Amino acid sequence: MTRFNGNRLNRSKSAQNMSIRQQARRAAAEGDFGKPKNFAELEARGPLQVKNQVVGLLLPHGEGGVVVPDRSFKETNFGKIYIDKVHLNGAPYKMTVVCEVINPTNTNHEFYGKIVEVLGDIGKHDVRMMTVLRQYGLSQTFPEAVVDEVKDLPLNPEPELINSEIKYGRKDLRNLTTITIDGEDAKDLDDAISIEKLEDGNYKLYVHIADVSNYVRENTALDVEAKLRATSVYLVDRVIPMLPPKLSNGLCSLNPNVDRLTMTAEMYINSEGITYDGAVYESVIKSDRRMSYNECYRILTEEETDDPMYQMLLQMNELATTLKRMRDNRGAINFNFPETKVILDEEGKAIDVMAYPITFTNGIIEQFMICANEFVAEKFCRMNYPFVYRVHENPDPIKLARFTRVAREFGAMGKLVGDITPMDVVNFMDTVKDETAKPMLDQILLRSMAKACYSSHNYGHFGLASEFYCHFTSPIRRYPDLYIHRIIKSYIHEEQKRSHFVGLVEAVAFHSSEMERNSVEAERASDDIKVCEYMTDHIGERYDGMITSIIPAGLFVMLPNTVEGFVPFRSMKDHYLFDERSFRAVGARSGVKLTIGLPVRIVVETVDTELNRIDFVFEPGFERQLGGGRTQFEGKRPHKTSRKKKKGRR
């Protein structure tokens, strides 16, 4: 991959002429980055805050060239960009390039640009991923100032540092039995668990979280870059970390058998799952073992095991079950959507797609993290201290009314109107009689709800039926977590910085929400690229699937491996009429009803790797089966009048 940045070298470093990224960094350092007014002015993408850039194919045009934007590059309406020969910067034709538009405000919509980077041949696996990075303003490299700040950090905390921290009040918890449980591929281990079952049957739960804020100090180059990125991004074939790997995979990661600085939420939980006491403090731990979800599942489900962690895992499972029961009883809404896992070969080509394997051991850690997040959020909310909350507001009444109409078509009883509670939604969903439609109704329900985001005000979390909630448990990969660690530590050390944080939390919350949405879109785009790449080798193959959604143009079908494709109505024999109120399509001649949750049999028709779109068609004869036979499907035959009746009429 070749970069062409020569045109940028002569730019002034003044505030007026500095690059977008430099402006963003300066704003972040001054505590002004992320406010809504700045975003309205910048209209930029991702952490790099890029704008007026297009990714596309460079083709010859006269003495210069023309860039045809990638069809999946939806961030611009520029159309073709013309490149003067002096702005080609040596870029070869028929390559995927990044060009910067020189006249983005031109009113006659004839745009000119200059080549700033050559990504390579779009047919190569890595180049498709690079287009995602450029489209969403993501960078795999860290600025030189950040590299300089972390280069002298040790691989592990030095004993002198540990002893000094303990001397000044950090709790030494290295004698506690402590484990981490993550996916097999995880390298950034944020959280660790210790647990004690008390004599009265209650539990003492320790949730230890990496003390990232001890190394990422406010307004350093490292902090400014972390604030810009706001989150790690997990693409199919790579991770774009929020922090340099030396921190995210090394010094901060709670790796086994090494001392680590942590923030601990120590909570006392009764047999009803209620947290009745606890504290948050700085600590030192040494993880005894790095475990995986699959390993824990095997230990807990084997008939006989001599694993030394068995009793601890048994207690963890008991407490997690209690916590889940408590949340179910208060109305927490459980969405269980399968996540897509793409298997790549050594060259990065997709060789398999499957639903990400989930077991009840994943739920153990999930329940403990929710518990810690709620405990910390409530503590600081009741003190009326500046904070960053994770909020999920009540559903939109109009969207909820539409969902109610659809759900009633599948047997749901009652209505969801007025000032509803999460328990109202749960009770309503329990009345749905068609079990096959429930997963698809969950998706429609989710789209009816507000998106969760970060806020400086506590609005509660509707989906979790939680009055207080925040993100405290993943500071290696989420900036809001890191930032509230900074707030907590400031409070613990009585630094009297309330007024300081009051002026900053809203900007941090807003920007973190923006970057989270950007990362979700980037991750989805990378999944789509690899899923389409995989399905190109399966054109013409037949699969069983299920209808997940219906729109006026056709319907979406999901296969058991989570691959989703579109079946256009124009590909069908009958003419289908879409009923938006009931969320179904009805055949004009056959009366066949196509509904969400309906099992279908499809054939992979086409795969468009430029638009990342997969089209299915019904298996030959399947539509006839739905109609109950050819006669019913093809409609009534014309009525034949007998000759006798015809003669009588004459």
Side-chain angles (χ1 to χ4, degrees), residues 171 173 175-183 189-210 254 256 262-281 283 285 287-302 305 307-334 336 358-379 390 422 461 463-474:
K171 283 194 178 183
L173 303 180
N175 290 329
L176 277 177
T177 301
T178 303
I179 62 173
T180 62
I181 305 177
D182 289 273
L189 311 183
D190 286 292
D191 54 88
I193 302 296
S194 303
I195 191 171
E196 295 178 25
K197 190 165 186 178
L198 307 177
E199 293 182 359
D200 58 4
N202 296 335
Y203 291 88
K204 184 193 289 187
L205 174 67
Y206 300 84
V207 176
H208 314 288
I209 307 299
L254 305 184
T262 48
M263 293 287 291
T264 293
E266 178 184 324
M267 297 161 287
Y268 292 83
I269 305 169
N270 65 21
S271 59
E272 301 298 320
I274 306 299
T275 302
Y276 61 88
D277 199 3
V280 183
Y281 50 81
S283 57
I285 69 163
S287 172
D288 294 280
R289 186 164 162 185
R290 188 249 197 266
M291 305 187 74
S292 70
Y293 296 117
N294 290 337
E295 181 184 13
C296 294
Y297 178 82
R298 176 182 55 77
I299 293 171
L300 287 171
T301 54
E302 284 182 345
T305 180
D307 193 289
M309 294 299 173
Y310 174 72
Q311 287 300 323
M312 181 179 182
L313 291 174
L314 198 62
Q315 291 179 2
M316 290 171 63
N317 190 38
E318 290 173 354
L319 178 56
T321 302
T322 300
L323 290 170
K324 186 177 186 308
R325 185 186 307 116
M326 176 271 294
R327 294 193 174 94
D328 288 343
N329 289 338
R330 75 184 185 192
I333 302 171
N334 297 308
N336 296 311
I358 299 292
T359 68
F360 69 86
T361 52
N362 296 75
I364 293 175
I365 297 302
E366 179 184 9
Q367 292 298 325
F368 291 169
M369 296 305 108
I370 293 174
C371 189
N373 289 333
E374 290 179 332
F375 173 71
V376 171
E378 180 175 4
K379 184 178 183 66
R390 181 69 171 178
H461 197 292
L464 291 172
S466 180
E467 186 178 356
F468 309 95
Y469 198 67
C470 70
H471 275 171
F472 163 78
T473 54
S474 295

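Predicted, not measured: the structure shown is a model, and the values here were computed from it.
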Work out which heavy atom in [X] is nearest to a heavy atom in [Y]; give both atom names and the distance.
| X | Y | value |
| --- | --- | --- |
| Ala320 | Gln367 | O-CG, 3.8 Å |
| Thr264 | Ser283 | OG1-OG, 2.6 Å |
| Tyr293 | Gly183 | CE1-N, 3.5 Å |
| Gly273 | Thr322 | N-CG2, 3.5 Å |
| Ser287 | Leu254 | CB-O, 4.1 Å |
| Ala465 | Gly331 | CB-C, 3.7 Å |

Close side-chain approach of [X] and [Y], heavy atoms under 4.5 Å:
| X | Y | answer |
| --- | --- | --- |
| Lys379 | Phe468 | no |
| Thr361 | Leu300 | yes |
| Met316 | Ile179 | yes |
| Arg390 | Asn373 | no |
| Ile285 | Leu176 | no |
| Ile364 | Ile193 | no |
| Phe368 | Ile269 | no |

**Asked** Take atom OH in Tyr297; do more than 12 heavy atoms of anything else shown fall under 6.0 Å from it?
**Response** no
For the CG atom on Asp200, are there more than 12 heavy atoms of other groups (residues, nucleotides or ligands in this structure) within a distance under 6.0 Å?
yes
Roughly how far apart are [X] [atom1] and [Y] [atom2], rounded to 0.5 Å?
| X | Y | atom1 | atom2 | result |
| --- | --- | --- | --- | --- |
| Gln311 | Ile299 | CD | CD1 | 12.0 Å |
| Leu313 | Met291 | CG | CE | 5.0 Å |
| Leu323 | Tyr203 | CG | OH | 9.5 Å |
| Lys171 | Tyr206 | NZ | OH | 7.5 Å |
| Arg289 | Glu295 | CZ | CD | 4.5 Å |
| Phe472 | Ile370 | CZ | CD1 | 15.0 Å |

Hey, does the side chain of Asn362 reach the backbone of Thr359 with a donor-acceptor pair shorter than 3.5 angstrom? yes
**Request:** Examine distances only and state if a side-chain atom of Asn329 and a backbone atom of Arg325 form a donor-acceptor pair shorter than 3.5 Å.
**Result:** yes
Exercise for review: Determine whether the side chains of Tyr268 and Glu266 contain a donor N or O and an acceptor N or O closer than 3.5 Å.
Suggested key: yes
For residues 360-376, the salt bridge (Lys or Arg N to Asp or Glu O under 4.0 Å) pairs (sequence neighbours left out) are Arg327-Glu374, Arg330-Glu374
For [X], give me all partners under side chain to side chain contact (heavy atoms under 4.5 Å, CB included), at least two apart in sequence or on another chain.
| X | answer |
| --- | --- |
| Asp191 | Ile209, Ile365, Met369 |
| Asp288 | Thr177, Thr178, Met309 |
| Asp182 | Thr180, Ala186, Leu189, Arg290 |

Applying salt bridge (charged side-chain N to carboxylate O under 4.0 Å, His left out) to Glu318 and not counting sequence neighbours gives Lys197
Contacts satisfying side chain to side chain donor-acceptor pair (under 3.5 Å) that involve residues 270-279 (not counting sequence neighbours) are Asn202-Tyr276
